[in-house]
Amino acid sequence: MAKKIIEVEEVVVKFAGDSGDGMQLTGTQFSNTSALIGDVVSTFPDYPAEIRAPQGTVGGVSGFQLHFGKIVDNPGDYSDVLVAMNPAALKANIRWVKDGGTIIIDTDSFTDKNFEKAGCVQEKLKEIYENYNVIEAPMTSLTKEALADTGLDNKSMARSKNMFALGMVYCLFDRPLTHTEAFFDSKFKSSPDVAEANKKALRHGFNYADTIHAMPSYRVQSADSIEKGTYRNMNGNTATAWGLLAAAEKANLPFFLGSYPITPASEILMEISKRKDLGAKSFQAEDEIGGIVTAIGAGFAGSLAATSTSGPGLALKAEAIGLAVITELPLVIVNVQRGGPSTGLPTKTEQADLFQALYGRNGESPVPVIAASTPSNCFDYAYMASKIALEHMTPVLLLTDGFLANGTEPWKIPSMKDMPAIKTKLKKAGSGEYQPYARDPKTLVREWAIPGTEGYEHRIGGLEKMDVTGTVSYVPENHEVMTYHRQNKVEKLAEVFPELEIEGDKTADLLVISWGSTYGHMTTAVRELNKEGIKVAHAHFYYINPLPKNTEEVFSKFKKHLVCEINLGQFAAYLNTKYPKFNYKKYNKIQGLPFTVVELKQKFKEIIENK
Amino acid sequence: MAKKIIEVEEVVVKFAGDSGDGMQLTGTQFSNTSALIGDVVSTFPDYPAEIRAPQGTVGGVSGFQLHFGKIVDNPGDYSDVLVAMNPAALKANIRWVKDGGTIIIDTDSFTDKNFEKAGCVQEKLKEIYENYNVIEAPMTSLTKEALADTGLDNKSMARSKNMFALGMVYCLFDRPLTHTEAFFDSKFKSSPDVAEANKKALRHGFNYADTIHAMPSYRVQSADSIEKGTYRNMNGNTATAWGLLAAAEKANLPFFLGSYPITPASEILMEISKRKDLGAKSFQAEDEIGGIVTAIGAGFAGSLAATSTSGPGLALKAEAIGLAVITELPLVIVNVQRGGPSTGLPTKTEQADLFQALYGRNGESPVPVIAASTPSNCFDYAYMASKIALEHMTPVLLLTDGFLANGTEPWKIPSMKDMPAIKTKLKKAGSGEYQPYARDPKTLVREWAIPGTEGYEHRIGGLEKMDVTGTVSYVPENHEVMTYHRQNKVEKLAEVFPELEIEGDKTADLLVISWGSTYGHMTTAVRELNKEGIKVAHAHFYYINPLPKNTEEVFSKFKKHLVCEINLGQFAAYLNTKYPKFNYKKYNKIQGLPFTVVELKQKFKEIIENK
Amino acid sequence: MSNPTYTFKDFKSDQEVRWCPGCGDTAILMAVQKAMAELDHKKEDYAVVSGIGCSSRFPYYMNTYGFHGIHGRAGVLASGVKTANPKLSVWQITGDGDALAIGGNHFIHEIRRNVNVNILLFNNQIYGLTKGQYSPTSLFGQITKTSPYGTVEQPFHPGELVIGSQGKFFARSIDSKVKETTDILIEAEKHIGASVVEILQNCVIYNDGAYDIITSKETRDDNQIWLEHGKPMVFGKDNEKGLVLNGFKLKVVKIGENGIKESDILVHDATESDPSLHLALINMRVKDGFPVAFGVIRKVKSASYEMLVEQQIEEVKAKSKIKTMDDLLHSGSTWLVE
Amino acid sequence: MSNPTYTFKDFKSDQEVRWCPGCGDTAILMAVQKAMAELDHKKEDYAVVSGIGCSSRFPYYMNTYGFHGIHGRAGVLASGVKTANPKLSVWQITGDGDALAIGGNHFIHEIRRNVNVNILLFNNQIYGLTKGQYSPTSLFGQITKTSPYGTVEQPFHPGELVIGSQGKFFARSIDSKVKETTDILIEAEKHIGASVVEILQNCVIYNDGAYDIITSKETRDDNQIWLEHGKPMVFGKDNEKGLVLNGFKLKVVKIGENGIKESDILVHDATESDPSLHLALINMRVKDGFPVAFGVIRKVKSASYEMLVEQQIEEVKAKSKIKTMDDLLHSGSTWLVE
Ligand SMILES: Cc1ncc(C[n+]2csc(CCOP(=O)(O)OP(=O)(O)O)c2C)c(N)n1
Ligand SMILES: Cc1ncc(C[n+]2csc(CCOP(=O)(O)OP(=O)(O)O)c2C)c(N)n1
Ligand code: SF4
Ligand code: SF4
Ligand SMILES: [Mg+2]
Ligand SMILES: [Mg+2]
């Protein structure tokens, strides 16, 4: 796959609407606020060509584009976020929105009449929904509703909808409202009700975006020379859903998802529920426990079964994961991490469920853990998770996070025939003796006889089972035998997992270490430093339990080891349990946000210099 | 507290009943079976003095005592397990049962009439229930029921109840039935129905003990010279319940337990539900989640609140523990570990929930973890857990296990006035301004204003909160601040935790390391080796998160470190995350059983010799 | 000590209400604040607890003690608070997802135990906060984010589930009817035991108009019946329609037609302990030609859990010799080592 | 392909039955084995799943595919198996603790969804496996290991909860009545949708005699009524008693007394979709002077969840252009890089 970079250090936002919609004011407010909190900002207002173009037409669209971030030196070409107050604004600006970007629309003005005025058709919208992260808001009516008790007339109320829009964008980027509020207070000193109305609309917009768990789409772009092929945009949650479906098709098994909605994982369930066309079954359970246990039931019955959730939901599934471990059934558990603890910051990203994924169960219950690193490779790792689950008869935990789930990037469409084969452990009727816990001596994997298969009736369950025969057993030594079987079965996966690779300058003293969604920022930081002549190497982990078998060997080649994570150092602690001989330094950030390349580079340099 | 040793390497069992009850046969079968699986056995049959003493009288009691284990050279003085087929048998033998030992009685024969014959009164039984682990079984009727379809007459059926009793004892000690089955097959070759009946009764007894989750009481005895004072017998679960109650009384708070029954933790709930006399409230919830969340509610409302469970239940509580972490409410979570994963070996002991206790939650959610080491010090650590929870406004996890829960030992009764003071963080009405998340700068602890207190109305919850004020906040930097506050608050406990102590020979090269219920075996093994002139030192951990602040210093004094656990090495892995510079060797056992002193000594010697 | 008098404003917290403009939750907030102002508790004695959902943000907007819990656990949070301190007036705010999906078990057990909590179920027939997936009260066939081809599940009827769980108090209201809701809430608070108030709540974003057939100007007179204990069950623009028994079923009749007199109309008895008729009233639906029942449908006296707990404690305390921890420590068999 | 004929012995597994001698579970095991032998499925098409409890050890004793799950999750385990493979005959074994305490939520949702599973609820009004704590069906005031002074909670009535959850099939039987239980189980299996069969089960160890008042020789004729669809609701030694309507309530009458004729007696209609009368039948209790109802009390036709899922899949498949994963990958907007 082509290398990717992530450029969330700088963001381009465009506000677009009718000339009367107050887009210039809106844009100015946003840039001032950004500047005040320390961003570099570059702006580009574009007024309609005609002075008095008819309302609602493309000619009448007024726009304000701004580019903000740590290092910014132009107003940007393509925007990450477009606010379109009407169809004309959308039509005029859509081709300048980055693939997979976020588009916020005022649904109230997306009427047939306005489409007509803009000279385009409603149908067009559908396509846009597919390729962008569209956030809908009936801004006009919500603003009116919000201001209903201000005593303002209808028109004046509607005029504040630009502030509603601004509030939403403030929410997406965690901007404080204070600057704009102060602006209105001073501007409308003499008519405090107008000031109040605008501030109210602003706050309501902010709250609205918060309430509906609106999230910005993280944009990811291919950087290196692009391979030939057919491409599409892909976000992490859809990629995950599709990866699972692809594995089921390849393995020639029905697919079953048992799940319960939770931000930011709900889209996986939403996507699978669309896929009735491929025969996929989605079971929206009453809770997360129901989600995983129906999946375990479906796995027992012969489906490729999965469950999808985020941190609080994973906590609820802990007991049932243990059941899948001891019954040695295939199951994929997708955890889309978000900011914690508890409900925490549900719409933000974090990598703090690693400990939970590795250790969050009673007893000795080992589970393979793998992690995707870009939105589109969620497809590959969801596929791999399924392959491991089916070939090794084990639950597998796939970690993604809010950053990947909502991130979008162009993706070269794979062909199903090129996907690696999946050889299930299905026991065919009439294929000789069956012992539920007899194992392949090399991989320690048991066979899968599913209900409906004549002659292989047997019982499984959560009580410890006798080696080979699978009857209930309390024999002390047998428990030890089975505990090691389960442990070794997972550890042996290191034999089939790909080896750890090093990117960047292999002669460096410093190896920076990462896993999961930090890949893009890490690799960019390393590449940029290398270009600047600073030596640094990078090891990124996709396979976490077990670790790639050459890990120790790779680590040994470097003098310094820096583990970078969006948590307080969970992977670093885990590495200590496996390879304690290295002295891991840590770089952590826990703000619900990804790293920035700038801060990474600075940290790397610091470490390199402090020899 | 006096040093304790645990002598589960050898067990004394006595079968006692009427002369006609077949106790000699029963005892012989047990000793033969034990010998066959490799135990050393010493037996002592004692027949009634009179040849034909009246049925049911003390004079007519026939007994068979046997002592088995790894090192045994007499039939034992006091028995660990007494099987009493009638009141006379109980009366005759009760004073030879070790304090807190297990007594299995055939309730069918404990009739008024039989009590009269034995010359004692029903009431006596009550006392026995208090001081021993009594396992009831209507053996006569269950045996008859089991043999109902054998065609045997009533009397012949009843005669097999000794085999039912034997089956129960086999179950308690995981003995195979095969030897006794073979014995009957050959003895009653000519009347296979009789053989069948006896085997059936045997199996039913075994299954019965299994079904009702019957567990042997582990016996623990004081070894060193006994301190003056008033003593009583104490088992781990009662001690835990009483420790919690004592803390509530000392802190002058109401006590609330939210719980759901689960082996081997149910007795804590059972004991608290008896304690209405002390005003304790026990809430038997619909599930474990209800158990902990009612407790969180009670903590919010101003009680010392606790929840008790075992591994699978702890898994279900994971999400709610996170809520207690982020709301910073006092809460004690008791986890009585059992054999896992999943349902695993519910009646057996294990130490494999350490990872879960430390890491089993979403997000960064640190919780202090402490562990008791003997049945009676469950009282002290339950008390300490409560003290930490109340003084530091945090959930605290107390780990015990099946071995402690069911273990009994003599215990010097403390006086409430000598228990350490507990200073709650309760905010009194009219005591100035209140900010929910303002903290004591030294300990980082917040104050506790409870509903009903005038003027301090405020809101808490699972979303990230603004530092100091406690309003909902999504500000990135604030999340980082709060995450570190929570982390540091727990880490600062090392300041108040007692330092790690070393027992045994401080000049040794080898430091053996342990935590939790292995203390007794470890300390005995160390002392015995020291007596033999072999140098070995011992560090036992009661405080696990955070670790005592002198841990590294203590470890540095030794060349070799051996971590011994009843799991696959969880504490060793945890130590690696904290002090990776030591090379921890591991000794693990995972058979649902405690270590034996013999195997520990052997292992220690091995390590010492392989320099 | 007499309680201060309050106005609803005393119950407004300083946090800005963050629901979507037009969301039915806002009106319910007003009704709760008004009810509390009229009731006889001190402000600090109110505890408002919730789970997770749009509706569950409620406690933040109340100037009382508040606890925003975790998803589905409002019922046990409330039960814990009330059992620990029976003096508090405990209000539980929960959504159709929070109470009936993930929290279904706690909901039915809280009702069975009859914990004296006011349970306000905001039923918008959708998961609002997570952006529009179907809930256990979404209609059969409803198209939502997770049922793009329509659901294949029959919804729960909250009232029916309350009856099935031994419920002693059930009332129904509509978000927009602030006055009626206020009155019902006051009655719910005064009732001892678990009082469930289902409030039909419009989610303007993900399920707008779900109740139009009941609430719209044109249909509301025919499609709503407001029950009052001791009053005949009449409805319609001029109260010209009513309910009568027809074997073991209900039937809508017109007064004056077919010889029906006003005295033939059923009189509402909310206190009847047999649940069958209440169930029939709860189950009336527009699609079957019935008006939907509102008001206090069921209100049956029964001891509440936390009171029985207190009572048992008093009884045991009176009898037991164990009064203190020291007593307990020395109870049973002990021995002296000298 | 005709199915082999079986005897109940074909369904015995080689594992020894480990329940206490005399435990009611043993008789139920026999009834299930007999029912399966009579039914028309192949042995390998039975899946028997359970939660945790004495009763939940059941699958080990059946020579079918079996899954002993975790506590409370029998309902979702069964739902997953059945939804994944609707061809299987799925039997769920669960106790009063497993189904109604920790598993209460899955229980009510499984019923609401109407998943075609046979749900056998072994109600012994106690937690057997964990040695005798009270369960959600334990009687008010019952003394158990966790209620040494008597419980203060009203029990659930499983049938009532089934009704509250939109239940379409509910039957009641007694462990000792193997023949009757067998017949009911066969009817439950043939019913499409969630069929709940509550079996009153005696726990000889922790709650012996809980049902004596219903089952003892002296009282059983007066305290049991076995309902049959289409038959009058009569009971008593000589069928001399019966049930009639009394307003919205039931009443016990004696045929021949007060001018009551046999034709006055209610005729049982299990298929009536309105649940009110079924609820009243379910709620009859000895202490109120009623016999306890047994047999198939409610059996109403309704599409089952997994069938509707299959149907929707077929419909969508027929319409959609996406037939394979490759189609999906190339659907929507794509572009070519050459
Ligand atoms: C354990 C857990 N699972 C899932 C979620 C995601 N979640 C939050 S609110 C909600 C549903 C809300 O629906 P409802 O209770 O009806 O409230 P509404 O938003 O409609 O008022 C869900 C699924 C969560 N926060 N926690
Ligand atoms: C998560 C979890 N919580 C608690 C338990 C302990 N437990 C096992 S069975 C049981 C109750 C059994 O009662 P019931 O379902 O009525 O079955 P019975 O034994 O009476 O047949 C409990 C509480 C468990 N195994 N797992
Ligand atoms: S999404 Fe719906 S329920 Fe939530 S605040 Fe908005 S209108 Fe109300
Ligand atoms: S404890 Fe009760 S329910 Fe369990 S097997 Fe024994 S008799 Fe049956
Ligand atoms: Mg809702
Ligand atoms: Mg039971």
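We name chains A, B, ... by the order of the sequence lines, and we start the count at 1 in each one.
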Side chains of [X] and [Y]: closer than 4.5 Å at any heavy-atom pair?
X	Y	result
B:Y231	C:L336	no
B:E286	C:N105	yes
C:E44	B:Y456	no
C:I322	B:R275	yes
C:V337	B:E227	no

Between [atom1] on residue [X] and [atom2] on residue [Y], distance to nearest 0.5 Å:
X	Y	atom1	atom2	value
B:T294	C:H106	OG1	NE2	9.5 Å
C:L77	B:L323	CG	CG	7.0 Å
B:E319	C:H71	CD	NE2	9.0 Å
B:E271	C:L328	CD	CG	6.5 Å
B:Q284	C:H109	CD	NE2	10.5 Å
C:I102	B:I289	CD1	CD1	7.5 Å

Region of [X] in contact with chain C, defined by heavy-atom distances below 4.5 Å:
X	answer
B:S282	backbone
B:N233	both
B:T230	both

Looking at every heavy atom in both [X] and [Y], which two are closest together, and how far apart are they?
X	Y	result
C:F67	B:L329	CE1-CD1, 3.5 Å
B:F300	C:V81	CD2-CG2, 3.9 Å
B:A449	C:Y65	O-CE2, 3.7 Å
C:I313	B:A280	CD1-O, 4.0 Å
C:W335	B:P410	CZ2-CB, 3.7 Å

So, does [X] use its side chain to make a donor-acceptor pair with the main chain of [Y] at under 3.5 Å?
X	Y	result
B:E249	C:M325	yes
B:R459	C:M62	yes
C:Y60	B:T471	no
C:K323	B:L278	no
C:D326	B:M416	yes
B:R232	C:L329	yes

Original post:
Is it the case that more than 12 heavy atoms not belonging to B:Y434 sit under 6.0 Å from its OH atom?
Top reply: yes

Original post:
Near C:K87 NZ, under 6.0 Å, is it more than 12 heavy atoms from other residues, nucleotides or ligands?
Top reply: no

Measuring heavy-atom distances to chain B, does [X] have an atom under 4.5 Å in its side chain, in its backbone, in both, or in neither?
X	answer
C:K319	neither
C:T324	both
C:R112	neither

**OP:** Take B:E454 and C:K42 through the side-chain contact (heavy atoms from CB on, under 4.5 Å) test and state the conclusion after the steps.
**Re:** CA-CA 8 Å; B:E454 193 187 332; C:K42 288 194 238 157; 5.9 Å; no

**OP:** Fit a plane to each ring of B:F283 and C:Y305, take the angle between them on a 0 to 90° scale, and name the class: parallel (under 30°), tilted (30 to 60°) or perpendicular (over 60°).
**Re:** perpendicular

Heavy-atom pairs under 4.5 Å with chain B: which of [options] has the most?
options	value
C:G66, C:A47, C:S333, C:S50	C:G66
C:D45, C:N85, C:T83	C:T83
C:Q15, C:H68, C:K82	C:H68
C:A318, C:G75, C:S331	C:S331
C:V309, C:V49, C:I52, C:N63	C:N63

Against chain C, work out which of [options] has the most heavy-atom pairs shorter than 4.5 Å and name it.
options	result
B:P451, B:A301, B:A295, B:G297	B:P451
B:I296, B:N131, B:I450, B:I413	B:I413
B:I292, B:V293, B:D287	B:V293

**OP:** Evaluate the criterion salt bridge (Lys or Arg N to Asp or Glu O under 4.0 Å) for residue pair C:E310 and B:K281; output intermediate values, then yes/no.
**Re:** CA-CA 9 Å; C:E310 296 291 326; B:K281 289 177 183 172; 2.5 Å; yes

